[in-house]
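Hydrogens, waters and symmetry mates are skipped; everything else that's a heavy atom, side chains included, is used. In the text below, chain A, chain B and the rest are named by the order of the sequence lines, each starting its count at 1.
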There are 2 protein chains.
Amino acid sequence: MALRATRQQIVQAADDLFYRQGFEHTSFADIAKVVNISRGNFYHHFKSKDEILDAVIETRLQRTQQMLLDWEEEGASPKERIESYIRILLTNWAMIKDYGCPVGTLCTELAKLDHSSKEQANKVFSLFRIWLRQQFTLLGYGDEADGLAMHVLSWSQGVATLGNAFNDIEYVRQEVAKMCDWLDAMCRHNKCGKKFKQKKRQ
Amino acid sequence: MALRATRQQIVQAADDLFYRQGFEHTSFADIAKVVNISRGNFYHHFKSKDEILDAVIETRLQRTQQMLLDWEEEGASPKERIESYIRILLTNWAMIKDYGCPVGTLCTELAKLDHSSKEQANKVFSLFRIWLRQQFTLLGYGDEADGLAMHVLSWSQGVATLGNAFNDIEYVRQEVAKMCDWLDAMCRHNKCGKKFKQKKRQ
DNA sequence: GACTTTGTAGGACAAGCATCCTATTTTTTT
DNA sequence: AAAAAAATAGGATGCTTGTCCTACAAAGTC
């Protein structure tokens, strides 16, 4: 088999289980059962549970980065790109309704555990933050761009948490609509949407 | 000693530890150490860990209800009362920055554990929801009141999560200001703030 | 003052956990 | 084909967990 095939399977299974059950509530046996390998084999690939967590966070960082690049290509204007971000609440609703936001829930869990990988997990938030900030910068909100990025970030985060708690997609739809309306107003005030039809990449 | 003194101590310690460490990461030994009683004594007061959780949630429900009643007395207008809610982000910042929102973090943890007390924990959210809804109703937003309540709820929830992740009080201050501005605008549009100076209670 | 209830202590237990270790198989290198 | 390296399996270990059990102390009741 390929050199990293098993390792990759482990990370994939751990990624999924950490999201659905939480980091602490997921045991080695749980992951081993999914991947169908022995516990011993585990320690050939990862020396500790924390090491798996680091690997999981690493793949999440890469996956997120890729997603942001994709949105950058798909969305012609900054506004459309931000809308891609907002819509993720509905795109991933099937998971969010049961397990919440994968980024936020991991960060809050690690914060409570005072885990050493806490900062690393927060970097996923940072990726979104920086990306959103750039979109708002392109929309002409120089100084406010970071504040607006954080605003969108926390707004969506709250909607994920409450949507999960109340299991109410209708409410999520409403909030998504509100966010899009808000974004519309933001763009109108700055008379954007025409100037940013095309943005060069690569 | 009083009949329920020890029991109350247990609940109090568990309440604190569940918040700071999370429910699952808190063991019987942890609680027993704080209260300074033996493990055995524990089972005289609570048959299981889940039973303690239920008791903790119960006290949180009561404490929340009392806080809402207090705000109702302190705040002359619905607007001022909602502001009391918003300001809690700053009032409790010392805890939130390290452990997040006590309501949200418990609900998300129990959701991942698929715990039977999940719904009970969600009721704390419901208390805030109903209370906020009433304030917005008083402000004249009949049909929209519930949607606005949920909006405030998720907004603050997101700010707590992101504030915790980034450990950034300046950002929290900005968002609190934004929420107050937003509330101002809401009241101005409905020409409120004068009609609701005094509201009878009890 | 005897008796029942309530509170407290701490040992015992089985299960689950992360981790380590050794032996065996598979793959790669030479 | 021989030797070295990597991958795998599964038993052993020691710790922690929630839970149970029995023994004793305190308090209240008749």
Show the atom names and distances, to 0.1 Å, of all donor-acceptor pairs under 3.5 Å that link a side chain in residues 168-177 of chain A to residues at least two apart or in another chain.
| residue | atom | partner | partner atom | Å |
| --- | --- | --- | --- | --- |
| A:Asp168 | OD1 | A:Glu170 | N | 3.0 |
| A:Asp168 | OD1 | A:Tyr171 | N | 3.1 |
| A:Glu170 | OE1 | A:Arg173 | NH1 | 3.0 |
| A:Tyr171 | OH | B:Ser154 | OG | 3.0 |
| A:Glu175 | OE1 | A:Trp155 | NE1 | 2.8 |
| A:Glu175 | OE1 | B:His151 | ND1 | 3.0 |
| A:Glu175 | OE2 | B:His151 | ND1 | 3.3 |

So, OP1 or OP2 of D:dA7: does either fall under 4.0 Å of a side-chain N or O from A:Thr6? no
Using the salt bridge (Lys or Arg N to Asp or Glu O under 4.0 Å) criterion, which residues pair with A:Glu144? Sequence neighbours excluded. none
Residues that A:Ser117 engages under side chain to side chain donor-acceptor pair (under 3.5 Å), provided they are two or more places apart: A:Asp54
Please identify each residue that fulfils ring pair (Phe, Tyr, Trp, His ring centres under 6.0 Å) with B:Trp71, with sequence neighbours left out. B:Trp131
Run the ring pair (Phe, Tyr, Trp, His ring centres under 6.0 Å) test against A:Phe23 and tell me which residues pass, sequence neighbours left out. A:Phe18, A:His115
Assuming nearest nucleotide by heavy-atom distance, tell me which of A:His44 and A:Gly40 is located more 5' along DNA chain D. A:His44
Without decimals, in angstroms, what is the distance between A:Arg7 CZ and D:dA7 C1'? 14 Å
Calculate the interatomic distance between B:Phe42 atom CZ and C:dT8 atom C1'; express it in whole Å. 13 Å
Among C:dT19, D:dT19, D:dA6, the one nearest any side-chain atom of A:Tyr43 is C:dT19
Closest listed nucleotide, where the reference is the side chain of B:Lys49 and the choices are D:dT19, C:dT19, D:dA7: D:dT19
Quick one: is C:dA9 close enough that its OP1 or OP2 comes under 4.0 Å of any side-chain N or O from B:Asn41? yes
Of all the nucleotides listed (C:dT19, D:dT8, C:dT8), which has the minimum atom distance to the side chain of A:Arg39? C:dT19
Output the rounded distance in Å from NZ (A:Lys47) to P (C:dC20). 10 Å
Let's see if you get this right: which residues in residues 23-38 of chain A place a heavy atom under 4.0 Å from DNA chain C? A:Thr26, A:Ser27, A:Phe28
Does OP1 or OP2 of C:dT8 have a side-chain N or O of B:His45 closer than 4.0 Å? yes
Which class fits the ring pair A:Phe166 and B:Phe125: parallel under 30°, tilted 30 to 60°, perpendicular over 60°? tilted
